[in-house]
Each structure stands twice: as structure tokens, then as C-alpha cells.
Amino acid sequence: MPQTFQEFNSTLKSVDKDDLQRAVEVASTPTQEYLEKNFKIKDKDGNLRFMSPLKTPQVKLLKLYRWCKDNDLPTRIIVLKARKTGISTLIEAVMLKETLERGIDSIVIAHDKSTAEYIFGITHRFWNNYPLSKPEAGVPSKHRLKFKDQEGLMVVETAGNAQAGTGMTPQFIHGSEVAKWEKGTETAVALFQSIGESRETSVIMESTAQGFDGLFYPYWDNAEKYCRLRWSSKEGEPAPDIEILDYENWNGYIPFFISWFEDPEYVMNFRNPEQRSHFSTTLDDYEKELIKRYQLSYEQLLWRRWTLKNKCQNDIKIFRQEYPSTPEEAFVTTGRPYLDHDKLDLMPLEDGRQGYLYQIERWEKTIKFEESKGDFLTIYRDPEPTHRYVMGIDVAEGTLDLDKSKDPDQSVAIVLDLDNGGEQVAVIKGYIGEEELAERVAMLGQYYNVAYIVPEVMGYGQHVAIYLGKKYPREMLYHRTDFLSDRPKRSRQVGWRTTISTRPIMLGDMKQGVADRAIIVHDRDTLKELKRLEWTNKGRIEAGSGHDDHCFALALAIQGLKSYPINMHHQGHYGGRQHLPEHLRKLYDSRRSSNDAEQDETTGY
């Protein structure tokens, strides 16, 4: 029942003044200001001070935390970060605030004992120096903070204990350096069963990368694939813009990446103007790209060089893992990479536009693109009327590998622009039956000025090749040259057949295309797979424990760049080597020199 003013006033007088002050402080002060005014840290110089001002990555994480609360969602955030960006400190502050305010139970899981004790030391420092009224602590402990006369519990455990947290029902879980958890999957399965899914619960996992581990990387990969996070500015503050691309397959985590150059402390001053001037003349291609893409200063790049040499053993793989510029840089293969990662890391990734194609049946049949989230097709560049395009198609086998049954192979088609640096302009990817795929790629080829198509004909790819042979202009289909045992002549069958002889050729051409920067990749999944290609101990080139669908679709498209019908008049182009873009002539010449003198006038081989 509603209280009268006298009843309310009487109740108010009975409240302890310190408790009232704390309640008013918590309720009326923005989270950022509250943390900056009430929580003390020890900085890198050993000084004890309030955590003001928060670093930009810390502010962004708070914004994501508040976004989840404002949208009545359980807080699920996964943070891929550079080292020492203050994220663990921020999470501990938020966790303690929630424990004080709501009396929740929370748990921190660290990868080893020393890190667990260090993190809980941060919490004890916050508690010991908290300036507002607070409940009396219970029995002191290195691994537990419990209040004497108030609900609320904070516990720290190590991931070496696969049953960590299973005896609790926590409302807040902080997973620290998850990629390094000794019993990662086993610990996570037990731990995540203990927390509910209400809006009052929070799970924040943070880590630097540790190769393609079995826990953190899959969680990150799924979150990044199906949830898109962008940042804008609102009233001078960073504001998150979150778009869910596929609710059905999304794991519920918001992917938040923190690059090394977002930390304002990662700079180094020059001794004098002359040193700075000389430094500007020594920049390599990658450093120039960092300046162009992220507007980095020479002072930031000087810090990068110093840290690479003095803290990372002058090993660029170590630096990129510990201090990544992009998420793709962070996950470093533990084997011997097949492709040049320096060149791959320069690829300009984009989000693209998802949707589908449809045909307008009028006097002149016209194909249109309609945007639709979650569809199989992603467009990065619309077709240019006078450009030539090529497409590579890798068709999934249609069966589930028992070891990958939760993540089977996809069918992938990649379109490249021959007249604009081998730029990736479109990709189809998904679990698509061969009949539907054949129809989709045929329409996509028509959309891109009747693109030259190179389908793979192994397994179910044969069905796609047969369909294209009937429905698509045959002169714009790749025809392989086989010496068949039962025929003295060469075969002119549609499609590329990957064999023990042709596989090294297509992968070698792709390697050359990457090294010469003769291709431009925009699709994240394509780049991820390219970076996972590595030499095995047996001398084969494999994708580690991942997939290679995008790799082979791209390799097939590169075969299209090499064998485009250069002698035919198509879309206003007249053939001949001299009309190929400069960056593609080397690819063309390498193919031509390996062929016999006998050459088809239409296809060029």
C-alpha cells in the first residue's frame, strides 16, 4: 500500500545515514563516475590512486555492460585484448560494486594460482580503500571475500580445478585469460552450468590469444561471426551499436576487441626532432598501413618497435599475439604458416551487405540484389559495367565429419574482380544443397557480367558443374585438360579436378597471389582460413584443425584469373595479354609457360 508522507518520513529517519549515503551514491552517480571516485588502483609506477580517468577500453566495456542491462539481457561479453589494458581491473571493480549493491555471489577463474592471487589482490585493494560506508568483512582470506552481516560473496579459483565453482550458484563470473586455462573446455562446461540466464547474471570472459585453443577461440569465433559490434560517438562518449546477424546460431556473447594502440600508455617519445624525422624515413609497408588505416602516431610506432625488440624477442608472431592490431592478427598458428601473414594482415576487411539475388521477369531479364540479414550471399562491391569477374566454387561433400559434426564444411563461392586488383567482391557461404547452390552461383555469375566460373568437380561439385554446363554460357566456364586412359585426345570437360598433381599448382598460385598482393580479401572467414593454412610434419599443406572451404574457393577463383578467356570479346573487352592488369600478367605468364604449345583459342589453354 502507498505510504503517507508522515510514514515515509518516519521510515527515512530510521535508515542509517551512512547506508542512505551509499544508496544515494550508487543510485544517482553514473557507473563510470562512481568507479573513478571510489576505487583505488596501484599504477605502473607503484602509486596508489583512484582509477581516474578510466582508459578508453575500460569505458567501452562499461558501455557494453550497461547496454546489456538496458536491453534486459543477461550480460555475456567476450573480450579479446592486448596485454595490460586494464580490463581485469575494471571487471573486478564492477563485480565488487554489484556485490556491495545487490549482495550477489561471484567467482573469478584465473589460469594459474599466482594470477588468481594477483587479481584478488586488486579486489582487496578496492575493498580496503573504499571511502563510502561498507559492511564489515568476514574472516580474512586470500581467495574469498564475504561480508559479516550482509549477503554477498566473492571467490577466486584456478582453471586447473575442473570443478571450480560447481558448488555455487553465482550471478557473476569473470573468466581471466581463458585461452590459457589448463582444462579449458572441461572447466567451462562445469562452471557455465551453474549460472542462470536472467538479466541479473553476468559472464565476462577476457584473454589475450593463445593460438587456436579449444575454448576461447571457438567462443570468440562464433560471437564475431554472428554478432557485429561497431562504435560511434554520442555526446563525446563511445556508444555501442550491436547487430545480431543470426540469433539461432549465436552463442549470446558480444565480441569486444581491444588493440594495443587503444591504450594511451603505449607510446614512446623521441629524444629530439632529428630522431623523429629520421624515423619517418624508415617505415616499412606494414607501419605505413597502420598509419593510413588507424592514424597512428610515430610515437606509437616507436613504442611498437621497442616492444617487439625488447619484450617479444624480436619475433613478430609473439608481438601480434600479445599486442594485436586486429582480431585476425591475434590468433597465431603454432605451426609453420604456408602463406605470408605480413601480407594477409594488410587485407582491408569489411562487413559487406548480406542478402539475395532475384530476377525481374520483364522485356529484359534483370537481376537485382535485396539486402537481408542472415542470407548466404555477402556483397562487398557492386558489379561495374565494364569489369570482368571470375568465380571459384568449392562444394561441401554433404557428409558430417565425426570430429567436426557440430561444424561441418560449408559450400563456398568467391567472386574476384579481374580489373581491380583481384578484389573480392562477393561470397556465397553456407550449408547449401548442390541443387540450390548451382542455381545461386549461376545467377551470381550473371549478376557479375557473366563471370568466368571455375567449379570444383570432386564429389558433389560434379552436380554443380553439370547444371552450369546446361544453364550457363559454356565459353564462360573453366574446361580442364585431362589425359584420359581410354582416350588418345584431351578432354574438354567443365570444371577443375583437384588431384595429387593439381593441388600443389592451385595452392602455389594462391601463395604467389598473396605474396604479390595480386588479390584483395574483404571477407573475415576467408582471411581466417588463409591464416590457418600451414605445413604439416609430412610436408602437406593443411588448415590445421579448421576448415579450408574458403581457401579452395579462392584458389579456384585465382585459377579463373589465370585462365580467363583473353581472346574473346566480352562486355566491351578485347582480349590479349596486353589488356590484362599489370598485377595479373605474372600469374598469366606462369600458367602459359607451363602448358604445351597446343592451345585453345577460346580459353587460352
Side-chain angles (χ1 to χ4, degrees), residues 26 31 35 39 61-62 64-66 68-69 72-79 87-113 115-124 126-127 134-135 137-207 215-216 219 223 251-254 256:
V26 170
T31 301
L35 296 181
F39 290 88
L61 182 56
L62 274 178
L64 290 178
Y65 182 80
R66 180 52 53 194
C68 293
K69 300 300 182 186
D72 290 326
L73 295 172
T75 301
R76 299 292 185 269
I77 303 171
I78 183 166
V79 186
I87 292 301
S88 292
T89 301
L90 189 280
I91 297 172
E92 290 304 295
V94 172
M95 183 180 285
L96 180 56
K97 174 186 180 296
E98 289 283 284
T99 305
L100 287 170
E101 181 181 344
R102 299 196 292 118
I104 65 170
D105 293 344
S106 52
I107 183 169
V108 183
I109 306 291
H111 68 288
D112 59 24
K113 182 179 179 181
T115 303
E117 292 178 352
Y118 176 80
I119 290 176
F120 218 56
I122 295 173
T123 302
H124 277 290
F126 286 154
W127 171 257
K134 58 186 177 184
V139 179
S141 169
K142 289 184 178 180
H143 306 286
R144 179 183 295 258
L145 176 61
K146 185 172 177 59
F147 306 130
K148 192 172 184 179
D149 298 313
Q150 178 179 313
E151 286 295 320
L153 171 68
M154 295 182 70
V155 177
V156 63
E157 296 268 10
T158 63
N161 176 14
Q163 302 301 314
T166 55
M168 298 175 57
T169 306
Q171 289 77 52
F172 201 128
I173 296 175
H174 170 199
S176 175
E177 291 297 340
V178 175
K180 301 175 183 176
W181 284 9
E182 180 182 351
K183 300 178 180 179
T185 304
E186 189 178 351
T187 301
V189 168
L191 179 64
F192 294 158
Q193 301 303 315
S194 65
I195 192 167
E197 294 297 327
S198 76
R199 70 178 298 275
E200 303 299 334
T201 62
S202 301
V203 180
I204 304 179
M205 295 193 287
E206 47 85 5
S207 188
L215 176 60
F216 185 79
Y219 266 90
N251 61 15
Y253 283 80
I254 300 172
F256 176 34

Looking at Met168, Met154, Lys146, which one forms a side-chain contact (heavy atoms from CB on, under 4.5 Å) with Asp105?
Met168
Checking side-chain contact (heavy atoms from CB on, under 4.5 Å) between Phe256 and each of Ile204, Leu64, Ile78, which is the one that passes?
Leu64
Starting at [atom1] of [X], measure out to [atom2] of [Y] and round the result to the nearest 0.5 Å.
X	Y	atom1	atom2	answer
Leu100	Phe147	CG	CZ	4.5 Å
His111	Glu177	NE2	CD	6.0 Å
Ile195	Thr201	CD1	OG1	4.5 Å
Met95	Ile119	CE	CD1	9.5 Å
Phe216	Thr185	CZ	OG1	13.5 Å
Asp112	Ser176	CG	OG	9.0 Å

Given side chain to side chain contact (heavy atoms under 4.5 Å, CB included), test Phe172 with Val94 step by step and report yes or no.
CA-CA 10 Å; Phe172 201 128; Val94 172; 4.1 Å; yes
Indicate yes or no: at least one non-hydrogen side-chain atom of [X] is less than 4.5 angstrom from one of [Y].
X	Y	answer
Thr89	Phe39	no
Val108	Ile91	no
Tyr65	Leu61	no
Val79	Ile77	yes

Can you confirm whether the side chains of Ser106 and Gln171 place a donor and an acceptor under 3.5 Å from each other?
no
Hey, is the main chain of [Y] close enough, under 3.5 Å, to the side chain of [X] for a donor-acceptor pair?
X	Y	value
Lys97	Leu35	no
Thr115	Ala110	no
Arg102	Glu200	yes

So which atom in [X] and which in [Y] form the shortest heavy-atom distance, rounded to 0.1 Å?
X	Y	answer
Met205	Tyr253	CE-CE2, 3.7 Å
Ala159	Thr187	O-OG1, 3.0 Å
Gln193	Val189	CG-O, 2.8 Å
Pro74	Glu197	CG-O, 3.6 Å
Ile254	Cys68	CD1-SG, 3.8 Å
Ala137	Leu145	CB-CD1, 4.3 Å

Check salt bridge (Lys or Arg N to Asp or Glu O under 4.0 Å) between Glu151 and all other residues, then give those that pass, not counting sequence neighbours.
none
Counterpart residues, salt bridge (Lys or Arg N to Asp or Glu O under 4.0 Å), relative to Arg199 (two or more places apart)
Asp72
Give a yes or no on whether Tyr118 atom OH has more than 12 heavy-atom contacts from other residues, nucleotides or ligands under 6.0 Å away.
no
Counting heavy atoms not belonging to Lys69, are there more than 12 under 6.0 Å from its NZ?
yes
Applying ring pair (Phe, Tyr, Trp, His ring centres under 6.0 Å) to His124 and not counting sequence neighbours gives Phe120
